[in-house]
Structure formats: C-alpha cells, structure tokens
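Right, one structure below, let's go through it.
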Amino acid sequence: MQIFIAVLILCLSLSGCGSSGNSSTEPPSYSPLKVLIPESPGKKTIGYSPLILDISNIDQGYLTARSEAEDQKMNVQLTAEDGVIYSYFINPGENAVIPFTNGSGTYQVCCYQQVSNSQYAALFADTLDVKLDNEFFPFLYPNQYVNFSPDSQASKLALSIVPEDTSDINALQALYDYVVKNVTYDYDLAENVNTGYLPDVDRTLKTGKGICFDYASLMTAMLRSRDIPCKLQIGYAGSVKHAWIDVYIRSRGWVDKAIEFSGESWSRLDPTFDSNSEDKETVQEYIKDSDNYIVQFTR
C-alpha cells in the first residue's frame, strides 16, 4: 500500500450535479449559494454540565455538543439502527457538531466523561427519534471531521475557484484539480499521527500537505461549500487505514467510493492516490476494484 501512496497521479474528468428543488428526495438548492451554518439555540437540550447536547435542530441532520469541563475530555457515542457506533471526543471547553450520518431513524446516544487517560465514566444516555427535513443535510453541513464555515479559507477558495454560475460538472472538475495539484502527501505526519487526529482544512491549504484524512476532508468541505453533497468515508484501502469521498450526482444518485467520469463510464476518484501517482494504469485498476475499499464510518 505504501507503493500506492508514494507513486500515484491520475488526470480525471468529473461530472457533477444539476439543479434541484428542495424536496427530501433531492438535495436543497440555494440561490445565491450559501455555506450552511449549524446553530445551537438551546430550545431543546439533553444532559447536564459538564456536557450538554443541543438537539434543537436534529431535523437539520446534526446535534451540537458543548463541553463545560476544565480538563477532562468528553465522549459522545451515537448508535444508529444498523448498530454502527459513531464515537466523538470533545475537548475541554469545546463545541462540536455531530451529524446523523445514517439519516432519519432512531439513535441511541451515550455520553461519557474522562476519568483518566483512556478511562471514561458514564454521564447519561437517551434515545433520539430523528426525522430529517432533507436526507442530504448531514452531507452539506460542517461537522467535527469536516469543519468549515463561511469564513474558512476552504469555503472562500471554493467559491472563488468556482463562480456561482459555473455548472456543477465544471465545479467538481475545478475543485478536484485544485486539491490534487496543490496538496502533497505528508509522510512525516503519516508516521507520527496521534490517535484522535482531526483534519483542519485551512491548515491543509496553508501548508499544502496532508494525509489521506486531510485530502478527503478538504475536498468534502470545498464541495459542501458549493452545495454539492459529499460524504467523507473512513475505512481501509487494502489493509491500510484510509479516507476517501462519495459525491451525490443529481442525475444519477450517490456515486460511491468517489468518482471519475471518463466520458463513457464511472470509476473511483481518490484524492490521495490521484495526487501522488505516476503510474496511471496501475492506479486506475486499483481504484476501480471495490474490494480494495471497506467503509467503516461516514462523516
């Protein structure tokens, strides 16, 4: 797998989304384009200090977690109906946006407070019945793993690279080309990354370096800033921990494990591999094989 990370570059052609209404079966369309901003109005909350969950806007696809602790981490675990547990760690004094990536349904939420190092004590638990206003909201809003705002350089850059009147096909092409041409793989970080590492999309832009997690998070943030639904997928490529993206194409639906459109067929687009490849034929064969990618979590 290190060979792939060390040697990959593939020039891709992408196709994107058309216009759409605001039904729950299609992504919302905004004119002018806007970056969605999570809110914590406090109208409905669960929990108590030192951890409070604001569930006022769960119909928008997220909840917010606020830590009032001085020195202990908090842990929020969401379990959807498929049994997958999504775990989010909240630093002292931090606010975090936690998405309902499985869409509408019943979620079990369990919250914990750090006692020492990796030991946590239970705080509270609850059941949430989530009915989203639009099933695409979790993949348009920012969250703890894809953290951006209207003031983020990633958002501003996405809008400057791709003016509002640009077609979605050209928007996807322009943003993808920018990421793979301007961000290189950070081998030092890959060898020394800490447990619990979270991407910082603006730091990735500033340094021009990142690991697969950073590539995928930056690409996801820029696409969402352009109102193009995108999933950050975390799992394995072969036997190596990896991250990549899926994109929603309004005329086709979700294109899994990211996309390449050659003009005749779809195949996988992986920003990390693409920006580090000189062996185009080998990479194309690798990324087209679905067995090489296993999804663990969607963010």
Anything under 3.5 Å between a donor and an acceptor, one on a side chain of residues 83-99, the other on a protein residue two or more places apart or in another chain? List them.
unit_1: Tyr86; atom_1: OH; unit_2: Thr298; atom_2: N; d: 3.1
unit_1: Ser87; atom_1: OG; unit_2: Asn75; atom_2: ND2; d: 2.8
unit_1: Tyr88; atom_1: OH; unit_2: Arg299; atom_2: NH1; d: 2.9
unit_1: Glu94; atom_1: OE1; unit_2: Asn91; atom_2: N; d: 2.7

- Rounded distance [0.5 Å steps], CG in Leu157 versus CG in Asn182: 8.5 Å

- Does Gln77 reach the main-chain N or O of Cys111 with its side chain, forming a donor-acceptor pair under 3.5 Å? no

- Please confirm whether the backbone N or O of Ile211 pairs with a side-chain atom of Asp214, one donor and one acceptor, at under 3.5 Å? yes

- Query: Distance-only, no hydrogens or angles: does the Asn57 side chain make a donor-acceptor pair with backbone N or O of Gln60 under 3.5 Å?
  - Reply: no

- Nearest heavy atoms of Asp71 and Gln114, plus distance in Å: O-OE1, 4.2 Å

- Item | Interatomic distance, Thr204 atom OG1 to Lys209 atom NZ [nearest 0.5 angstrom] | 11.0 Å

- Query: Hey, do the aromatic rings of Tyr48 and Phe124 have their centres closer than 6.0 Å?
  - Reply: yes

- Message: Can you give me the closest heavy-atom contact between Ala154 and Asp202, atom names plus distance?
- Response: N-OD1, 2.9 Å

- Query: Is the closest side-chain heavy-atom distance between Tyr141 and Ile37 below 4.5 Å?
  - Reply: no

- Query: What is the minimum heavy-atom distance between Asn134 and Glu26, and which atoms define it?
  - Reply: ND2-O, 2.9 Å

- Among the clusters formed by ILVMFWY side chains lying less than 4.5 Å apart, do Tyr197 and Tyr215 turn up in the same one? yes

- Take atom CG in Asn117; do more than 12 heavy atoms of anything else shown fall under 6.0 Å from it? no

- Query: Is the backbone of Thr106 close enough, under 3.5 Å, to the side chain of Glu81 for a donor and an acceptor to pair up by distance?
  - Reply: yes

- If you round to the nearest 0.5 Å, how far is CZ of Phe148 from OG of Ser225? 4.5 Å

- Ring centre gap for Tyr62 and Phe137 strictly below 6.0 Å: no

- Message: Please list all pairs meeting salt bridge (charged side-chain N to carboxylate O under 4.0 Å, His left out) that have one or both residues in residues 46-67, counting only residues at least two apart or in different chains.
- Response: Arg66-Glu68

- Message: Pair Phe136, Tyr248 - check ring pair (Phe, Tyr, Trp, His ring centres under 6.0 Å), show working.
- Response: CA-CA 9 Å; Phe136 294 90; Tyr248 186 81; 4.5 Å; yes

- Message: Can you tell me how far apart OG (Ser31) and CD (Glu164) are? Round to the nearest 0.5 Å.
- Response: 5.0 Å

- Query: For Ala158 and Leu175, which heavy atoms make the closest approach, and how far apart are they?
  - Reply: CA-CD2, 3.8 Å

- Query: Stepwise, does the side chain to side chain contact (heavy atoms under 4.5 Å, CB included) test hold for Thr45 with Ile55?
  - Reply: CA-CA 5 Å; Thr45 64; Ile55 59 172; 5.9 Å; no

- Message: Between Tyr185 (side chain only) and Gly210 (backbone N and O only), is there a donor and an acceptor less than 3.5 Å apart?
- Response: no

- Task: Check whether any side-chain heavy atom of Leu123 sits under 4.5 Å from a side-chain heavy atom of Tyr112, and report yes or no.
- Result: no

- Query: If only atom types and distance count, is the side chain of Ser217 paired as donor or acceptor with the main-chain N or O of Tyr145 below 3.5 Å?
  - Reply: yes

- Across all chains, not counting sequence neighbours, the side-chain hydrogen bond (donor to acceptor under 3.5 Å, both in side chains) partners of Gln119 are Ser116

- Do the side chains of Ile234 and Leu232 get nearer than 4.5 Å, heavy atoms only? yes

- Message: Using modelled atom types and a 3.5 Å cut-off, is there a donor and acceptor pairing between side-chain atoms of Asp129 and backbone atoms of Gly105?
- Response: no

- Query: If we only count heavy atoms from C-beta on, is the Pro41 to Ser56 side-chain gap below 4.5 Å?
  - Reply: yes

- Item | Interatomic spacing from CG in Leu132 to CD in Glu135 - rounded to 0.5 Å | 4.5 Å

- Using modelled atom types only, decide if a donor and an acceptor are shared between the side chain of Tyr107 and the backbone of Asn102 within a distance under 3.5 Å. yes

- Check the side chains of Asp200 and Asn147 for a donor-acceptor pair under 3.5 angstrom, ignoring hydrogens and angles. no

- Message: Distance check, rounded to the nearest 0.5 Å: Met74 atom CE versus Tyr120 atom OH?
- Response: 9.0 Å

- Query: So, Asp246 and Gln233: side-chain donor and acceptor under 3.5 Å apart, yes or no?
  - Reply: yes

- Message: Tell me the closest heavy-atom pair linking Pro229 and Leu140, and the distance in Å.
- Response: N-CD2, 3.6 Å

- N/O donor-acceptor pair under 3.5 Å between Ser152 side chain and Ser149 backbone: yes

- Message: Restricting to non-hydrogen atoms, name the atom on Val201 and the atom on Ala221 that form the minimum distance, rounded to 0.1 Å.
- Response: CG1-CB, 4.0 Å

- Message: Measuring only between side-chain heavy atoms, which start at C-beta, is Asn143 closer than 4.5 Å to Arg224?
- Response: yes

